[in-house]
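Just below is one structure, and these are the notes that go with it.
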There are 2 protein chains.
Amino acid sequence: MVSGNTLAEIAALIGDVARANILSALMDGRALTASELAWHSGVSPQTTSGHLAKLSEANLIAMTRQGRHRYYRLASPEVAQAIEALMSVASFGPKRHRPLGPKDEALRNARTCYDHLAGRLGIAVADALTEKNYIVLSESAGAVTNEGQRFLCDLGIDLQERRGHHRALCRTCLDWSERRPHLAGRLGAALCARMFELGWVERIKDSRALAVTPTGKSGLEEFFGITEQSS
Amino acid sequence: MVSGNTLAEIAALIGDVARANILSALMDGRALTASELAWHSGVSPQTTSGHLAKLSEANLIAMTRQGRHRYYRLASPEVAQAIEALMSVASFGPKRHRPLGPKDEALRNARTCYDHLAGRLGIAVADALTEKNYIVLSESAGAVTNEGQRFLCDLGIDLQERRGHHRALCRTCLDWSERRPHLAGRLGAALCARMFELGWVERIKDSRALAVTPTGKSGLEEFFGITEQSS
DNA sequence: AGGACGTTTCGGCCGTCGCCGAAGCGTTCC
DNA sequence: GGAACGCTTCGGCGACGGCCGAAACGTCCT
């Protein structure tokens, strides 16, 4: 046992169906209790507990106690990024697509990816900001323009760096369903958080999928010029 | 059962020590024969063959026959990115560092990451280009300036898009040893390739590590203002 | 043709790990 | 205090999958 965490060890942790389900469930950035995760994982609470212990041990997830509950969340944006990258690879392949039900359709339409927007909505937002010259996505990268700063400020978005945590302002993240980059980084997180605050989007029960509210619809049209991105 | 299935499958493939060794060996972007990979993987040729079949089946690697040899390579930059992201997560952790030998030190100094430069050299190049305003890395993203275009042209670097393959011009990639972004994308690949052409860097035997040649030393100083980045 | 070499296929062994039932520990509520 | 609840630990079962030896297939060389 020379090295602490090796590539194979980390990948093996993600490479179990139950644990992959757990991590997928945590990909929306929220913290969930052990029981909720047991539900998502598809195995018994005892087994889930074992999985959670292993994931914690390897620092893929972090835990905070709260009364008799234990809340688990992804340990860092890096973990989310690795999982997203794997999902991206996973959805390649010449495999036949499984028939996609309404749930899948909702996911493709709009969802959270760790702490930012993804799916068609995420893409539309990135496109709109680019279109209006608020951000410049030089290929898969991004910077916020001065007009962009103002616009975001008008929207009530604060891009101040959080304590210590050096986190990129504007990253892009390859969308596994759309195969195009959407906005991540502090900007992506702030946009997503603000849309929740404004009541533009709501979580769909038991899912990473999002629903755009009527308020959201008009807001997206007014501020972003996004009319309709649903299927 | 949403996307968890395939996520777990892919991760499980990477999550075996022998296969992880194979993929790591291929991370330098070259194509290797089955026997060479057997050597890297640490298991017998028969077993390696089985692993290679599984990796091919899942489209993580691709194969081309050449005489009685079969050359395997990573199937796509996306695969490389996913592995790099996993490595990044893997090297986190509060675990004690293993004592790093001279080989490890060489890797940290300069190496290839799929098809571009990484390690201290990769970081130094990214820093130098930023310093001289040839590229703008707005946080973790990047664009090439007009002066940059000229500079790269002078160096003999052609950034024309390859056939069909939409690939980002200037991506960044988190360096697992330095914890800072280095240049990836077409730009990173072109820079790396050109340095090989010019004889600035050479591969160290049986390793992803690179050695900077005397020519390279003066070239790096003249064109990039990089004096010494070795330990 | 024969032999060396690179690679794959087959068969069987064995360890690892995921799984659940039962039980234990800590917290909350009545 | 006692009961319900949330979560974890323990023990034992079962199976999936990685491993190698032996052998087959294809290619190249002389």
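Below, chains carry the letters A, B, ... as their sequence lines are ordered, and counting in each starts from 1.
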- Quickly work out the A:N21 CG to C:dC19 P distance and round it to whole Å. 10 Å

- Please report, rounded to the nearest Å, how far the P atom of D:dT9 is from the CD atom of A:E57. 12 Å

- Message: Applying side-chain contact (heavy atoms from CB on, under 4.5 Å), can you list everything that pairs with B:S24, at least two apart in sequence or on another chain?
- Response: A:L7, B:M87

- Item | Whole angstrom value for the distance that separates P of C:dC17 from CG of A:L13 | 10 Å

- Are B:E9 and B:T6 close enough that a side-chain donor and a side-chain acceptor fall under 3.5 Å? no

- Message: As a test of reading the structure: which of C:dT8, D:dC20, D:dC28 is closest to the side chain of B:S44, going by heavy atoms?
- Response: D:dC20

Enumerate all atom pairs, one protein N or O and one N or O from nucleotides 13-18 of chain D, separated by less than 3.5 Å.
residue : atom : partner : partner atom : Å
D:dG18  : OP1  : B:R19   : NH1          : 3.0
D:dG18  : OP1  : B:R19   : NH2          : 2.9
D:dG18  : OP2  : B:K54   : NZ           : 2.5

- Task: For A:R68, enumerate each residue passing the salt bridge (Lys or Arg N to Asp or Glu O under 4.0 Å) test, keeping only those at least two apart in sequence or located in another chain.
- Result: none

- Nearest whole angstrom, please: distance from the P of D:dG26 to the CD of B:Q66. 20 Å

- Message: Within the structure provided, determine whether B:L198 and B:R194 are in side-chain contact (heavy-atom separation under 4.5 Å).
- Response: yes

- Task: Output all residues satisfying side-chain contact (heavy atoms from CB on, under 4.5 Å) with A:A11, sequence neighbours left out; order by chain, then residue number.
- Result: B:I14, B:L86

- Message: What's the closest nucleotide to the side chain of B:Q46 if the choices are D:dA4, C:dG6, C:dT8?
- Response: C:dT8

- Message: Without decimals, in angstroms, what is the distance between B:R68 CZ and D:dA24 C1'?
- Response: 17 Å

- Task: Quick one: list whatever passes side chain to side chain donor-acceptor pair (under 3.5 Å) with A:Q46, sequence neighbours left out.
- Result: A:S44

- Query: So what does A:T48 touch, heavy atoms closer than 4.0 Å: a base, only the sugar-phosphate, or nothing?
  - Reply: nothing

- Query: Listed by chain and number, what are the salt bridge (Lys or Arg N to Asp or Glu O under 4.0 Å) partners of A:R30, not counting sequence neighbours?
  - Reply: A:D28

- Item | B:R70 side chain near C:dT8 phosphate (N/O to OP1/OP2, under 4.0 Å) | yes

- Message: Does D:dT8 have its OP1 or OP2 closer than 4.0 Å to a side-chain nitrogen or oxygen of A:Y72?
- Response: yes

- Quickly work out the A:L55 CG to D:dT8 C1' distance and round it to whole Å. 15 Å

- Item | Proximity to the side chain of A:A34 - top-ranked nucleotide from D:dT8, C:dT9, C:dG26 | D:dT8

